[in-house]
Amino acid sequence: RSGEMAKLTQLIDNEVFRAYATYTTIVLLKMMLMSLITAYFRITRKAFVNPEDTASFGKGESAKKYLRTDPDVERVRRGHLNDLENIVPFLGIGLLYALSGPELSTALLHFRIFAGARIVHTFAYLIPLPQPGRGLSWAVGYAVTISMAYKVLKTALYL
């Protein structure tokens, strides 16, 4: 049992793993923020999808008008969905990458570029910025994840 704890301690002492943990936390907090932004837009636009969410605006037919879609709410939701589609693969591939023994400087470059690209992507979605800003920020983050996946496969190729 103490041997298991020693392994965990060694992992936490690993600089690349700490960098991974740092940037994973940043992008996960950013993704969680999207939930709050969605809630804010739902409340301020009075656009809900569940009948019980409209209870404070009236009963019966008068509350039904708040069961609707809103373009601003849907835009935030699409940004949040895009986070899920891109951050979740980063979590898994980034962990494997961090454990594959990359140089700290290279790992930091991957993690920082990914986090920056996702933050730019969020601003591009919410403001909205003209294309190709959003598309380029998505592509940069995606390319970083592919680059890490390539390193993992190159390091531990058991195909």
Side-chain angles (χ1 to χ4, degrees), residues 8-50 53-54 57 66-159:
L8 182 59
T9 303
Q10 288 171 347
L11 188 58
I12 292 170
D13 287 340
N14 180 305
E15 288 181 309
V16 172
F17 182 79
R18 285 200 326 261
Y20 165 76
T22 299
Y23 287 95
T24 294
T25 301
I26 290 168
V27 294
L28 286 173
L29 285 171
K30 189 217 79 61
M31 189 167 69
M32 291 170 63
L33 179 62
M34 293 300 285
S35 297
L36 297 175
I37 295 171
T38 302
Y40 169 79
F41 274 82
R42 282 200 182 287
I43 292 166
T44 59
R45 305 309 193 267
K46 294 185 176 80
F48 303 98
V49 292
N50 299 306
D53 297 338
T54 65
F57 298 105
Y66 300 113
L67 291 173
R68 61 187 183 83
T69 59
D70 177 86
D72 294 331
V73 173
E74 293 307 308
R75 183 171 199 80
V76 175
R77 290 183 68 234
R78 286 191 306 272
H80 193 187
L81 180 59
N82 192 277
D83 274 350
L84 288 168
E85 294 168 349
N86 290 274
I87 291 173
V88 171
F90 169 81
L91 298 178
I93 291 171
L95 177 60
L96 295 173
Y97 173 76
L99 298 174
S100 72
E103 291 291 325
L104 176 61
S105 60
T106 305
L108 280 169
L109 189 63
H110 278 94
F111 302 153
R112 287 173 176 163
I113 290 173
F114 181 84
R118 292 313 306 171
I119 291 167
V120 168
H121 184 270
T122 296
F123 281 114
Y125 230 122
L126 296 180
I127 289 177
L129 297 177
Q131 284 288 25
R134 189 179 80 238
L136 286 174
S137 61
W138 170 85
V140 167
Y142 202 82
V144 166
T145 304
I146 295 296
S147 173
M148 291 187 303
Y150 173 76
K151 166 70 163 107
V152 169
L153 289 173
K154 186 177 161 196
T155 302
L157 197 59
Y158 281 107
L159 299 176

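Computed over heavy atoms, backbone and side chain alike; hydrogens, waters and symmetry mates excluded.
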task: Mind jotting down which residue pairs meet the salt bridge (Lys or Arg N to Asp or Glu O under 4.0 Å) criterion with at least one end in residues 35-48? Sequence neighbours excluded, please.
output: Arg45-Asp72
statement: Result for side chain to side chain contact (heavy atoms under 4.5 Å, CB included) between Thr24 and one of Leu91, Ile87, Leu95 points to Leu91
- request: Kindly give the heavy-atom pair with the smallest separation between Leu96 and Val152, and that separation in Å.
  value: C-CG2, 3.6 Å
- prompt: Please walk me through it: do Lys30 and Thr122 pass side chain to side chain contact (heavy atoms under 4.5 Å, CB included)?
  reply: CA-CA 9 Å; Lys30 189 217 79 61; Thr122 296; 2.6 Å; yes
message: So Tyr66 and Val49, do their side chains get closer than 4.5 Å, heavy atoms only?
response: no
message: As an exercise, state the distance from CG of Leu36 to CZ of Phe41, rounded to the nearest 0.5 Å.
response: 12.5 Å
message: Which residue in the set His110, Lys151, Met148 passes side chain to side chain contact (heavy atoms under 4.5 Å, CB included) when paired with Pro102?
response: Lys151
- line: Taking every heavy atom of Ala107 against every heavy atom of Val16, the minimum-distance pair comes out as CB-CG1, 3.7 Å
field: Crowding at CD, Glu103 (>12 non-hydrogen neighbours, <6.0 Å)
entry: no
field: Close side-chain approach of Val76 to Met34, heavy-atom, < 4.5 Å
entry: yes
- prompt: Does the side chain of Arg77 pick up a donor-acceptor pair with the side chain of Asn82 at under 3.5 Å?
  reply: no
field: Closest approach of Ile93 to Ala149 (non-hydrogen atoms, all atoms of both residues)
entry: CG2-N, 3.5 Å
query: How are the rings of Tyr20 and Phe17 set to each other: parallel, tilted or perpendicular (split at 30° and 60°)?
result: tilted
statement: In this structure, CD of Glu85 is separated from OH of Tyr142 (nearest 0.5 Å) by 9.5 Å
- prompt: Could you state the interatomic distance from CZ (Arg78) to CG (Leu126), rounded to the nearest 0.5 Å?
  reply: 11.0 Å
message: Rounded at 0.5 Å granularity, tell me how far OG1 in Thr155 sits from CG in Leu99.
response: 11.0 Å
query: Does a side chain donor of either Tyr23 or Arg112 reach within less than 3.5 Å of an acceptor in the other side chain?
result: yes
- request: For the pair Leu29 and Leu33, evaluate side chain to side chain contact (heavy atoms under 4.5 Å, CB included) and give the outcome as yes or no after the intermediate values.
  value: CA-CA 6 Å; Leu29 285 171; Leu33 179 62; over 6 Å; no
query: Got a second to check how far Ser137's OG is from Phe123's CZ, nearest 0.5 Å?
result: 11.5 Å
query: From Asp53 CG over to Leu67 CG, what is the distance, rounded to the nearest 0.5 angstrom?
result: 8.5 Å
- request: For the residue pair Thr145 and Asn86, establish whether any side-chain heavy-atom pair is separated by less than 4.5 Å.
  value: no
- request: Over all heavy atoms of both residues, which pair between Leu108 and Ala19 is shortest? Give the atoms and the distance, please.
  value: CD2-CB, 3.6 Å
- line: Heavy-atom closest pair (Gly133 atom, Ala124 atom, distance to 0.1 Å) is C-CB, 4.4 Å
task: Give me the ring orientation class for Phe111 and Phe90: parallel if the planes are under 30° apart, tilted from 30 to 60°, perpendicular past 60°.
output: perpendicular
